[in-house]
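First comes the structure, then the notes that go with it.
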There are 2 protein chains.
Amino acid sequence: MFIYLKAKINGTMVSNKELQEKRMRGYFIAAASEILKGEGLRAVNVRSVSERAGYSFATLYNYFKDLNELIFICVNDFLEECEQMAEEQSQHLQPGKERLKMRMKALINYFTQYQGIFELCYIEKMNNAGSKQATSKMVYELTDRTADADITYMLNKKLLTDEEAEILKINLRHSLPGMMLFYLNRMQPVDYKDYMKIVNIQLDAALRNN
Amino acid sequence: MFIYLKAKINGTMVSNKELQEKRMRGYFIAAASEILKGEGLRAVNVRSVSERAGYSFATLYNYFKDLNELIFICVNDFLEECEQMAEEQSQHLQPGKERLKMRMKALINYFTQYQGIFELCYIEKMNNAGSKQATSKMVYELTDRTADADITYMLNKKLLTDEEAEILKINLRHSLPGMMLFYLNRMQPVDYKDYMKIVNIQLDAALRNN
DNA sequence: TTTATTTATTTAACATTGTTCATTTTATTT
DNA sequence: AAATAAAATGAACAATGTTAAATAAATAAA
């Protein structure tokens with residue numbers, strides 16, 4: 001008989017089957033995220049993720065096309081998480097240059113803390129072309145999204161011309177990944193404070209604070 | 001008997017044995033470089049490199065500790081090559097801002113042409129800690145080295161203060177890899193001209209040309 | 001409640017890649 | 001030409017991604 005029991009997730013009605021499937025996917029996503037944050041990208045593989053999720057490695061393939069699909073989902077989650085973090089850490093500030101700076105630093109802080117996530121988002125060869133497009137667009141535009149409110153504010157207040165705003169966005173879009181790359185590939189264990197000094201200089205240059 | 005025949009390589013005397021070993025290494029290095037430039041990083045593996053060099057995969061291990069060592073050598077070669085390219089392409093210009101800009105563009109041109117090389121230099125997880133330090137230092141400082149002559153010139157001519165020079169170097173060090181990353185991870189096949197327009201804006205911002 | 005059928009999970013197996021080692025081939029010395 | 005050293009190789013192993021057949025669990029039908 002075609003009776004589906006319904007359960008509520010995120011405000012939408014779904015069948016039991018969908019609910020269960022969503023939960024299963026959640027277990028694998030959580031497992032992959034944990035490993036990524038803890039041990040980094042290299043430690044993520046079909047077997048390690050499945051084991052942590054409490055299933056056989058083959059079960060993963062019942063819920064994801066392949067390992068790549070799972071990893072892409074993690075990327076999107078991480079992006080959301082770090083955007084939210086930037087928002088929270090700058091809540092106490094008024095819109096404008098200082099808040100923008102704080103938000104950019106929050107992004108850098110997030111990715112330097114979770115290096116595996118940076119590698120994943122900006123670097124990983126994204127083997128599967130499928131999800132690549134949408135995801136890499138999301139990654140690029142991370143700085144744009146995070147800077148948007150403050151740049152709009154400054155534009156409205158005539159603190160910035162349209163052209164200056166465009167240059168600022170381009171600058172942030174390029175220099176943030178550059179700075180993270182620098183930290184990631186560092187040779188000697190750079191002091192985080194020293195690193196942040198350079199970050200400050202770079203951000204001040206982008207914001208024309210000198 | 002301990003008689004070694006000598007042969008001249010790069011102006012230094014070496015034994016036959018050393019010469020032969022150097023040649024053998026050269027075959028593998030050339031093979032790896034070709035594959036890197038042609039098919040990219042993903043196509044490089046012990047078997048493909050060895051086959052192109054004309055030997056069994058096991059022979060590679062008689063001349064290199066592992067695949068990583070071979071790849072690191074390639075990185076160093078590529079860095080030299082692209083520095084030289086920047087030099088050549090700007091020979092006709094006088095020292096100063098314009099030449100610096102041309103050299104930066106030459107770097108970008110090199111890495112966007114050979115994407116596998118960019119991935120390799122800036123991204124690849126450099127699994128083996130051994131050569132990593134020295135090499136990643138070389139990679140970072142690529143923009144510094146390439147910009148050095150022009151920045152020194154501008155300092156001498158008082159076209160730049162010490163502080164401005166420092167900021168410029170930091171800016172180039174971060175934004176060039178950022179721009180390359182952008183091109184590499186691009187979603188839709190970006191028109192190279194459009195890309196170069198953005199590169200120009202970024203470089204002009206770094207050079208305070210606006 | 002028992003049986004049949006569908007669904008979910010897992011074990012076995014294969015392909016690819018990096019690496020090691022014993023064996024074979026080649027070069028050198030006596 | 002025989003003995004020895006050096007170089008090159010193929011067989012084999014481990015790790016990883018993936019597929020597909022076999023098993024277990026859940027559900028529907030009787």
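- L60(B) places its CG atom 10 Å from the P atom of dG18(C), with the value rounded to the nearest Å.
- Nearest to the side chain of Y63(B), among dA7(D), dT19(D), dT19(C), sits dA7(D).
- Heavy atoms of Y55(B) sit under 4.0 angstrom from primed sugar atoms or phosphate atoms, though from no base atom.
- Between the CD atom of E51(A) and the P atom of dA15(D) there is a distance of 14 Å, rounded to whole Å.
- The nearest whole Å value for the distance from the CG atom in L67(A) to the P atom in dT18(D) is 6 Å.
- Using a 4.0 Å cut-off, some side-chain N or O of N45(B) falls inside it from OP1 or OP2 of dT17(C).
- Comparing dG10(D), dT18(D), dT19(C) against the side chain of A58(B) picks out dG10(D) as the nearest.
- Comparing S56(A) and R47(A) against DNA chain C, the residue whose closest nucleotide sits nearer the 5' end is S56(A).
- Checked against S90(A) for a side-chain hydrogen bond (donor to acceptor under 3.5 Å, both in side chains), the options E98(A), R103(A), K105(A) give a single hit: R103(A).
- Toward the 5′ end of DNA chain D lies the nearest nucleotide of E21(B), the other residue of the pair E21(B) and F57(B) mapping further downstream.
- Regarding N62(B), its CG atom lies at a distance of 17 Å from the P atom of dT25(C), rounded to whole Å.
- In summary, the aromatic rings of Y114(B) and Y110(B) are positioned with their centroids under 6.0 Å apart.
- Nearest to the side chain of T59(A), among dT18(D), dT19(D), dT9(C), sits dT9(C).
- Taking atom CZ on F64(A) and atom P on dT18(D), their separation rounds to 13 Å, with Å as the unit.
- Nucleotide dT25(C) forms a pair with dA6(D), judged by Watson-Crick or G-U wobble geometry with both contacts under 3.5 Å.
- Look at CD1 on I71(A): it is 11 Å from C1' on dG17(D), rounded to the nearest Å.
- In this pair, F182(A) and Y140(B) present their aromatic rings tilted. The plane angle is within the 30 to 60° band.
- In this structure, R47(A) satisfies the cation-pi test against F57(A), with its NZ or CZ atom closer than 6.0 Å to the six-membered ring centre and inside 45 degrees of the ring normal.
- Separating the CZ atom of F28(A) from the P atom of dG17(D) is a distance of 14 Å, rounded to the nearest angstrom.
- Taking a cutoff of 4.0 Å between a charged side-chain nitrogen and a carboxylate oxygen, K101(B) and D204(B) qualify as a salt bridge.
- Atom C1' of nucleotide dA13(C) and atom OH of Y61(A) are separated by 14 Å, given to the nearest angstrom.
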